[in-house]
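Have a look at the structure below, then the notes.
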Amino acid sequence: LARLFAADRFDHLYHGERGIRAALDRGFQVVCDRYLFSSLAYQSPALGYQETLGLNDFPLPEKLFFFDVPPELCALRRAGRERQELFDPPEIQVEVAKNYRMILADFAGLGMEIHRIDGSPPREEVFEGLKALLFPPDQPIEG
């Protein structure tokens, strides 16, 4: 499973004109969710941290936005879904949350901005906070 996620991520990054790398090379800014950090958080318990890191040897982003939400609140939000997914069980979510905190510490100081965002408020409020980070009021938006 870890190898499939890494192959999919490689395709997203380097798939010709449709890949993230091509968009960056054309001067676009790209917002991407579930980058290498989620692979480390979700896949390393089964595969091991170093091997998962080796599979995901991808460029670091300029900015990382981590939405910090307690696993218990995540469970409440997922309760409305029609079906459970592979990583939904509470014990997995607690492990994933712990892994994310370790990963953020491991990657601190490596040249990217890390923004920890409280994801507990309603999504509209979280979105407004994210917009303020992405588009500061003193910075004009082009296009």
Side-chain angles (χ1 to χ4, degrees), residues 1-47 49 52-143:
L1 190 59
R3 287 174 178 78
L4 289 172
F5 277 113
D8 183 61
R9 183 157 295 111
F10 183 89
D11 186 59
H12 283 281
L13 281 166
Y14 301 113
H15 187 92
E17 288 299 309
R18 293 183 304 149
I20 293 170
R21 181 78 262 159
L24 293 171
D25 290 345
R26 290 191 309 270
F28 288 96
Q29 291 188 26
V30 176
V31 176
C32 177
D33 69 336
R34 303 284 178 167
Y35 195 54
L36 72 100
F37 311 102
S38 67
S39 284
L40 290 170
Y42 283 88
Q43 305 302 318
S44 62
L47 189 61
Y49 187 81
T52 306
L53 185 59
L55 286 175
N56 291 276
D57 187 19
F58 299 116
L60 293 179
E62 290 178 16
K63 298 179 182 185
L64 169 64
F65 300 97
F66 173 68
F67 295 93
D68 197 357
V69 184
E72 303 78 22
L73 180 54
C74 291
L76 288 173
R77 290 177 175 174
R78 284 191 313 274
R81 292 197 311 211
E82 290 183 23
R83 63 184 176 94
Q84 282 275 87
E85 295 186 7
L86 177 64
F87 298 107
D88 286 352
E91 61 277 4
I92 292 176
Q93 287 298 304
V94 168
E95 179 78 11
V96 166
K98 182 184 81 168
N99 288 346
Y100 268 120
R101 285 168 181 75
M102 179 189 72
I103 292 160
L104 292 177
D106 283 354
F107 281 84
L110 294 182
M112 68 180 157
E113 293 177 29
I114 298 176
H115 300 273
R116 187 179 294 232
I117 299 168
D118 180 8
S120 299
R123 68 175 153 192
E124 296 81 6
E125 188 178 325
V126 174
F127 177 68
E128 289 304 317
L130 177 61
K131 269 191 351 188
L133 287 169
L134 287 170
F135 308 107
D138 60 337
Q139 185 179 28
I141 299 174
E142 297 179 24

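Each residue takes its place number in the sequence, starting with 1. These numbers come from a predicted model, not from an experiment. Quick note: numbers below take in every heavy atom, side chains included, and nothing from hydrogens, waters or symmetry partners.
With hydrogens and angles ignored, the 3.5 Å screen pairs a side-chain donor or acceptor of Gln93 with a backbone N or O of Phe87.
Of all the heavy atoms in Pro59 and Leu13, the pair that sits closest is CD-CD1, 4.4 Å. The two atoms that bring Tyr35 and Cys32 nearest to each other are CD1-SG, 4.5 Å, heavy atoms only. Here the closest non-hydrogen pair linking Val96 and Ala41 is CG2-O, 3.9 Å. Residues Val126 and Asp118 approach most closely at CG2-O, 3.7 Å, considering heavy atoms. Among all heavy-atom pairs drawn from Leu104 and Phe66, the shortest one is CD1-CD2, 3.5 Å. Closest of all the heavy-atom pairs between Ala2 and Leu47 is CB-CD2, 3.6 Å.
Heavy-atom contacts from other residues, nucleotides or ligands closer than 6.0 Å to CD of Glu91 number more than 12. The number of heavy-atom neighbours closer than 6.0 Å to CZ of Arg77, taken from other residues, nucleotides and ligands shown, is above 12. Remark: Glu128 CD is packed, more than 12 non-hydrogen atoms of other residues, nucleotides or ligands lying under 6.0 Å away. More than 12 non-hydrogen atoms from other residues, nucleotides or ligands lie less than 6.0 angstrom from CZ of Arg78.
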Return all side-chain donor-acceptor pairs below 3.5 angstrom for residues 16-28, not counting sequence neighbours, or 'none' if the list is empty.
| from | atom 1 | to | atom 2 | distance (Å) |
| --- | --- | --- | --- | --- |
| Glu17 | OE1 | Arg26 | NH1 | 3.1 |
| Arg18 | NH2 | His15 | NE2 | 2.4 |
| Arg21 | NE | Asp25 | OD1 | 3.3 |
| Arg21 | NH2 | Asp25 | OD1 | 3.3 |
| Arg26 | NH1 | Glu17 | O | 3.3 |

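The structure places CG of Asp8 at 15.5 Å from CZ of Arg3, a figure rounded to the nearest 0.5 Å. Atom CG of Asp57 is separated from atom CG of Leu36 by 9.0 Å, given to the nearest 0.5 angstrom. Between atom CZ of residue Arg9 and atom CZ of residue Phe5 there is a gap of 8.0 Å, rounded to the nearest 0.5 Å. The OG atom of Ser120 lies 10.0 Å from the CD atom of Glu125; values are rounded to the nearest 0.5 Å.
The shortest distance between side-chain heavy atoms of Pro90 and Pro71 does not fall below 4.5 Å. Residues Tyr49 and Asp106 have side chains in contact (heavy-atom distance under 4.5 Å, counting atoms from C-beta outward). With contacts defined as side-chain heavy-atom distances shorter than 4.5 Å, the pair Arg81/Asp88 qualifies. Side-chain contact between Phe37 and Pro61 is present, with heavy atoms from C-beta onward closer than 4.5 Å.
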Practice task
Could you walk me through whether Phe67 and Leu130 pass the side-chain contact (heavy atoms from CB on, under 4.5 Å) test, one step at a time?
Solution key: CA-CA 10 Å; Phe67 295 93; Leu130 177 61; 3.8 Å; yes
Problem - Working for side-chain contact (heavy atoms from CB on, under 4.5 Å), residues Leu60 and Phe107 - result: CA-CA 9 Å; Leu60 293 179; Phe107 281 84; 3.6 Å; yes
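Exactly one residue among Thr52, Asn99, Leu55 makes a side chain to side chain contact (heavy atoms under 4.5 Å, CB included) with Gln43. That residue is Thr52.
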